[in-house]
Q: 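Quick one: the structure is below, and I'll ask about it shortly.
Note on naming: letters A, B, ... go to the chains in the order of the sequence lines (proteins, then strands), and numbering restarts at 1 for each one. These numbers come from the heavy atoms of this one structure, side chains and all, not from hydrogens, waters or symmetry mates.
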Number of protein chains: 2
Amino acid sequence: MKKVEEELVGVKEIARRANVSIATVDRVLHNRTGVSEKTKEKINSIIQELDYQPNLLARRLASRKAIQFAILIPQISNETDFWQAPLNGIEQAEAEIIQYGIKLDKYFFDLNNKSSFVKQTQVLLKGNLDGVLLAPSFIEESIAFTKELQKRNIPYIFIDSDIPNQESLSFIGPDLFQTGYLAGHLINYLFESGKILLVNISKEIDNHHHLLRKEEGFRTYFQKNNINKEIVKIDIRKTDYKSIKKNLAKILTKEKDVKAIFVTNSRVSYVAHFIEESSIQDKLLIGFDFLNENIEYLKKGTIDFLICQKPQEQGYRGIMALYNKIVQQAPIEKAYFMPIDIVTKENYAFYRN
Amino acid sequence: MKKVEEELVGVKEIARRANVSIATVDRVLHNRTGVSEKTKEKINSIIQELDYQPNLLARRLASRKAIQFAILIPQISNETDFWQAPLNGIEQAEAEIIQYGIKLDKYFFDLNNKSSFVKQTQVLLKGNLDGVLLAPSFIEESIAFTKELQKRNIPYIFIDSDIPNQESLSFIGPDLFQTGYLAGHLINYLFESGKILLVNISKEIDNHHHLLRKEEGFRTYFQKNNINKEIVKIDIRKTDYKSIKKNLAKILTKEKDVKAIFVTNSRVSYVAHFIEESSIQDKLLIGFDFLNENIEYLKKGTIDFLICQKPQEQGYRGIMALYNKIVQQAPIEKAYFMPIDIVTKENYAFYRN
DNA sequence: TCATCTTCCGGTAGCGTACCCGGAAAAGAA
DNA sequence: TTCTTTTCCGGGTACGCTACCGGAAGATGA
């Protein structure tokens, strides 16, 4: 039972009650050495009793050293600017907390180049860090890196994709399986008969488990609901338009009865482009991510639905989770799954990435 | 062009450069009286030049008086607990900023009782306020109230519904027209032939323009896209289940060809209940809001889609907007429309209100 | 000219916490 | 016992800013 008017007590009051100086109280608050067991207990019990909440304003003000965070995420390439959104969110959070004495270093790696990831982790480890936000795109290397972080007692959070069974503070990102499941549901709702074409477009092997997990969810929807729809699958391992076009043309002439196309990642705009170019009609097209290219086709009606997962908010929440945990010492959830948003021609203008 | 390492300057440095005391700098910072025009200009130019950003930590710490906010929203009734969600968001924001010396008073009124609203505004005005978050459910009364706020120079923000052309700092809530428009789009996608039943369930006259605006958007969708679907409309002015049941039974026996039902607010669970009870099959049902009752029917498949607008986030953002504007002195948007979210059986578990 | 107001400004005590410095008391070593 | 360590603790200052108090000029009136 808390008091209604929580009179704010400070170290001074605690010191008075314990008959010690505030310096001693401070020592037990930060459990530094130099306090006898007896007075320590006494002070602790008073802290408990008063439910002392330190004044974070004063704490940050008095604390001379800034808190140092670092992020490690893929760089924005001209191949995909997906990571622009998380970065925006990260920078928004940075702007909000910089005045509270938090510094943020940003490191980027090349998604097509493992060694760039490793190299950046090494640079990063040279700094004196209090927390890391990390996109563990390369699994082996990420595990090695986080092992090192644990050894140094530096907390870290995964963003966008998770590596289970790690000691991360939290994971912030999509639930891939459920996302695929939802895609199945949407497609099933929207058409009656015909086959479904499932399109994976990706060359990075490491990111492939991403797509597989979505596919799993997608297929599970149909199994679980005993829906007998034929799913034709195609893997396209080259991400230039020419290759995509060739592959799509081939499969679509072979499979005449395809009525819906599910692209398992953000490259759906290529497929949309192909559909327009080939004057294909009446195919339901579903893909991922709120990218400008995709939105263009959504507006025109070539893409029917986009499934999005608030990449900007992922970045924002990632940094804020670090801040809340490390500065505010608030408890945080072990996993924060982003909502699965359905974006259409009508609501895209109101979508906030 | 800002410096990379923005060396943090404080009042002390400004005072040194201007050859005055920090007290004088403080005076111009808060444009208090007692500074000659000449030194004022000098100090201001130095502030400009150095791009001085006050240390908010120190400011809040040194400022003895707490900042006082107030909210005025409908109380949670057993008729509808819709406002629980915004209140949760508000309390979340409160918890986050209370440590920065912000106090929040909460006032509630009865949606079925105008005079309770007026009474609360009067109580509220007795306090010494720095900002108000307000649900302007009663238009005339709200305008009178905000006029008074303006006279006293108290900034305010509207939440949930807007009154245009007012001097509010911001509006945070849904875009009703677009929401209805989206509902039209969804329904049109999901079935081929038959009539649409549009159901308004509401007794509060003042809230009625809410529903009308949604209906307008809904109808506009069909007009704009030259879709010729018959829309049957029913207004139910009593909100108990018995009345609803009677009305629905009547219209559905009369209109045999109704294939889709669009309920324009959160009372869709009543309709779902009726549908189950009457063993009606194969009707598409769309309504609003992420309420427990609604989710139950969504799970069972009786309700197909719910359109939601993050009520909790509305509350959170409302308070945070006040905070950002008044404490942080950050610019805020004149209107912040919430995203229009589509919730289904598959993604509801990941929806964050 | 002297008294009284204004105008303009500087000094300074906090706000609640962190942390350094140095000193007293207790414990160990001789 | 006396000297040296070690353990334990208090005093005091700093963080950047707010706001009160009071004082030195200048302006005004008689």
Q: Without decimals, in angstroms, what is the distance between A/L57 CG and D/dC15 C1'?
A: 12 Å

Q: Which whole-number value in Å describes the distance from B/N31 CG to D/dT18 P?
A: 12 Å

Q: Would you mind reading off the distance between A/I22 atom CD1 and C/dC19 atom C1', rounded to a whole angstrom?
A: 10 Å

Q: So, the side chain of B/E141 versus the backbone of B/F117: is there a donor-acceptor pair under 3.5 Å, distance only?
A: no

Q: Tell me yes or no: between the side chains of A/E167 and A/Y156, is some donor less than 3.5 Å from an acceptor?
A: no

Q: Which part of the nucleic acid, if any, lies within contact of B/T39, taking any heavy atom under 4.0 Å across all strands shown: a base, the sugar-phosphate backbone alone, or nothing?
A: sugar-phosphate

Q: A/L56 CG to C/dA18 P: how many Å, rounded?
A: 10 Å

Q: Between B/K42 (NZ) and C/dC9 (C1'), how many Å, whole number?
A: 13 Å

Q: Taking any heavy-atom pair under 4.0 Å as a contact, classify B/N55: base, sugar-phosphate, or nothing.
A: sugar-phosphate

Q: By the 4.0 Å heavy-atom rule, please label B/R60 as base, sugar-phosphate, or nothing.
A: nothing

Q: Closest-nucleotide mapping onto DNA chain C: is B/A23 or B/E37 further toward the 5' terminus? I mean the 5' end.
A: B/E37

Q: Calculate the interatomic distance between B/K40 atom NZ and C/dC9 atom C1'; express it in whole Å.
A: 15 Å

Q: D/dT18, OP1 or OP2 - any side-chain N/O from B/H30 closer than 4.0 Å?
A: yes

Q: Between C/dC19, C/dT12, C/dC9, which one does the side chain of A/R32 approach most closely?
A: C/dC19

Q: Across the strands shown, which category fits B/G34 at heavy-atom distances under 4.0 angstrom: base, sugar-phosphate, nothing?
A: base

Q: Students often mix this up, so state it plainly: with edges at 30° and 60°, are the rings of A/F337 and B/F350 parallel, tilted or perpendicular?
A: perpendicular

Q: Under 3.5 Å, is there a donor-acceptor pair linking the side chains of A/Q84 and A/N88?
A: yes

Q: Are A/F171 and A/Y336 an aromatic pair by the rule of ring centers under 6.0 Å?
A: no

Q: With no hydrogens and no angle check, just 3.5 Å: does a side-chain donor-acceptor pair link B/E96 and B/Y316?
A: yes

Q: Distance check needed: C/dT12 C1' versus B/K12 NZ, whole Å only.
A: 13 Å

Q: What's B/K65 touching, base or sugar-phosphate or nothing? Going by heavy atoms closer than 4.0 Å.
A: sugar-phosphate

Q: Select from A/R59 and B/L61 the residue whose nearest nucleotide in DNA chain C is closer to the 5' end of that strand.
A: B/L61

Q: What is the distance, to the nearest angstrom, from the CZ atom on B/R16 to the P atom on D/dG16?
A: 15 Å

Q: Which of these nucleotides, D/dC17, C/dC9, C/dG11, is closest to any side-chain atom of B/A62?
A: D/dC17

Q: Counting side-chain heavy atoms from C-beta on, which of D/dC20, D/dG12, D/dT18 comes nearest to B/S63?
A: D/dT18

Q: Does a side-chain N or O from A/Y52 land closer than 4.0 Å to OP1 or OP2 of C/dT17, or not?
A: yes

Q: Check whether any side-chain nitrogen or oxygen of A/T24 sits under 4.0 Å from OP1 or OP2 of D/dG10, and answer yes or no.
A: yes

Q: B/D26 side chain: which of D/dG10, C/dG10, D/dA19 is closest?
A: D/dA19

Q: Choose from D/dC9, D/dA19, C/dC19 the nucleotide whose nearest atom is closest to any side-chain atom of A/V35.
A: D/dC9

Q: Side chain of B/S36: nearest nucleotide among D/dG10, C/dC8, D/dC17?
A: C/dC8

